[in-house]
S.K.: 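Quick one: this structure, given as C-alpha cells, is what I'll be asking you about.
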Amino acid sequence: MNERMPVVFIGHGTPMNAIEDNRWSQAWRDLARDLPRPRAIVCVSAHWYRRGTAVTAMSRPPTIHDFGGFPPALFNMAYPAPGDPALAQRIIDLLAPESVAADLDWGLDHGAWSVLCHLYPDADIPVVQVAIDRLREPAFHYALGQRLRALRDEGVLLLASGNVVHNLRALRMGGPAHPWAERFEATVRRLVADGEHAALVDYPALGADAALSIPTPDHYLPLLYALGASDANETPLFPVTGIDGGALSMLSVRWG
C-alpha cells in the first residue's frame, strides 16, 4: 500500500529563484528533505492558464522558458523530467465528466520547474501538469482539487505553484513590502490555518487587500487546488512566509 503523499502549495516568485541560492530556494530544499519520495508529481502551475482544462500527456515534456528579460543562465536551464501518459489518463478519468484535453504541446513551465529543480534536482520523477481553465469560477478549481485528492493515495505528490500576492505593477525589488501585501498574506495564512476554505474560495469578498494582491486570478487559483486536495483533519504547515519584491508573497503551505 502506498504511503499517503502530502499536498503542497509553493509561492514561486521570480524565475530567478531557479538559479539563485537565497532564502526561498534554501527553504524549498529543506522542505524536500522532509517529503516522502513520490512515484510521480502532478503540478498545477499559475503559468498554464488557458481556455479549458488540460493535462500534459507526453512521455518527455519540454522545459518551457515562458518569460523574457532574464539572463542567459535562466534560459539555459533544463528540467528533463519524464512525463507519465498513464497518469495523465488517470487524471482525465478522475475529472470526468469534465472535459480534459490530453495535451502534447505544452510541457513544464517555470511555475513548475523553477521549484522542482530545488525539490528534486535529479529530475528523475515523472511530472504531469494540469492546466487552469481561465473561464471557470474559483469554486470550480477548488472542486477539481477535491477530485485530485485520490492521487495522494497512489503515491503522487500534488504540487500547486503560484503566489497568493502577485502584483507585478507594485514590485519594488529591494524595497519593503507593501502593508496591504503583508496584511493579505497574514489573512490567507490565518484562514488556511483555521480551515476556512469557503472564505478563501470567495476571495473577492476579502476586500481591498485582496483586490490589490490578486489583480488577476492566475497566481491565486493554484492555492484552491491545494486546499481542495487537503483533508479537514490535516494541520497545515507553513514552511515559507514573507514578501519578496514588495508585492510577491512567497507563502508556502504543506498538508500531510
S.K.: Between side-chain atoms of residues 204-213 and protein atoms elsewhere (two or more places apart, or another chain), which donor-acceptor pairs fall under 3.5 Å?
M.R.:
{"residue": "D209", "atom": "OD1", "partner": "R183", "partner atom": "NH2", "Å": "2.9"}
{"residue": "D209", "atom": "OD2", "partner": "R183", "partner atom": "NE", "Å": "2.9"}
{"residue": "S213", "atom": "OG", "partner": "D209", "partner atom": "O", "Å": "2.8"}

S.K.: Considering residues at least two apart in sequence or located in another chain, which fulfil the ring-ring contact (aromatic ring centres under 6.0 Å, His included) criterion with W24?
M.R.: none
S.K.: Do you know the tightest heavy-atom contact between R172 and P179?
M.R.: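 Scanning both residues completely, I find the closest heavy atoms to be NH2-CD, 4.5 Å.
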S.K.: If you take the centroid of each ring, where Trp contributes its six-membered ring, are H12 and W28 closer together than 6.0 Å?
M.R.: no
S.K.: Which other residues belong to the hydrophobic cluster containing L104, where Ile, Leu, Val, Met, Phe, Trp and Tyr are joined when side-chain heavy atoms lie under 4.5 Å apart, directly or via other members?
M.R.: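 Its cluster partners, ordered by chain and number, are M58.
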S.K.: Side-chain heavy atoms under 4.5 Å apart, restricted to Ile/Leu/Val/Met/Phe/Trp/Tyr: what other residues fall into the cluster of W106, or is it alone?
M.R.: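 Other cluster members: W48, I64.
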S.K.: What is the distance from atom CG of L35 to atom CG of D30, rounded to the nearest 0.5 Å?
M.R.: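 Taking CG in L35 and CG in D30, the distance rounds to 11.0 Å.
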S.K.: Does a salt bridge link D244 with R23, judged by any charged N lying under 4.0 Å from a carboxylate O?
M.R.: no
S.K.: Which residue pairs pass the side chain to side chain donor-acceptor pair (under 3.5 Å) test with at least one member in residues 186-205, sequence neighbours excluded?
M.R.: Y142-H197
S.K.: Hey, could you give me each pair passing salt bridge (charged side-chain N to carboxylate O under 4.0 Å, His left out) that has a residue in residues 75-100? Not counting sequence neighbours.
M.R.: R39-D84, R90-E154, E98-R136
S.K.: Main chain of P6, side chain of R254: is a donor-acceptor contact present, judged purely on distance under 3.5 Å?
M.R.: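 Side chain of R254 to backbone of P6, a donor-acceptor pair under 3.5 Å: no, none is there.
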S.K.: Indicate yes or no for a side-chain donor-acceptor contact from R152 to the backbone of M5 under 3.5 Å, with no hydrogens or angles considered.
M.R.: yes
S.K.: Hey, does the side chain of D34 reach the backbone of L31 with a donor-acceptor pair shorter than 3.5 angstrom?
M.R.: no
S.K.: To the nearest 0.5 Å, how far apart are CD in E185 and CZ in F238?
M.R.: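 CZ of F238 is found 9.5 Å from CD of E185.
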S.K.: Please test L168 against L248 for side chain to side chain contact (heavy atoms under 4.5 Å, CB included), starting from the C-alpha separation and ending with a verdict.
M.R.: CA-CA 8 Å; L168 298 184; L248 294 174; 4.2 Å; yes
S.K.: In sequence, state the C-alpha distance, the side-chain angles, and the governing distance for V130 and V42, and then conclude on side chain to side chain contact (heavy atoms under 4.5 Å, CB included).
M.R.: CA-CA 7 Å; V130 176; V42 169; 3.7 Å; yes
S.K.: Kindly write out the residues that satisfy ring-ring contact (aromatic ring centres under 6.0 Å, His included) with W255, not counting sequence neighbours, or none if the list is empty.
M.R.: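 Result, ring-ring contact (aromatic ring centres under 6.0 Å, His included) vs W255: none returned.
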S.K.: Quick one: do D133 and L144 satisfy side chain to side chain contact (heavy atoms under 4.5 Å, CB included)? Show the steps, please.
M.R.: CA-CA 11 Å; D133 185 349; L144 288 196; over 6 Å; no
S.K.: Identify, with sequence neighbours excluded, every residue that meets ring-ring contact (aromatic ring centres under 6.0 Å, His included) alongside F70.
M.R.: F67
S.K.: Taking ILVMFWY side chains as joined if any heavy atoms are under 4.5 angstrom apart, and letting links pass through other members, which residues group with L135?
M.R.: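 None; L135 is a cluster of one.
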S.K.: Does A170 offer a backbone N or O that forms a donor-acceptor pair with the side chain of N167 under 3.5 Å?
M.R.: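 Pair found, side chain donor or acceptor close to backbone of A170.
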S.K.: Using distance alone, with no hydrogens and no angle criterion, decide if S25 and N22 have a side-chain donor and acceptor under 3.5 Å apart.
M.R.: yes
S.K.: List in chain and number order the residues that pass ring-ring contact (aromatic ring centres under 6.0 Å, His included) with H141, two or more places apart in sequence or in another chain; answer none if no residue qualifies.
M.R.: Y225
S.K.: Can you list every pair that meets salt bridge (charged side-chain N to carboxylate O under 4.0 Å, His left out) and has a residue in residues 108-125, with sequence neighbours left out?
M.R.: R37-D124
S.K.: Using the side chain to side chain donor-acceptor pair (under 3.5 Å) rule, collect all pairs that involve residues 49-58, keeping only residues at least two apart or in two chains.
M.R.: none
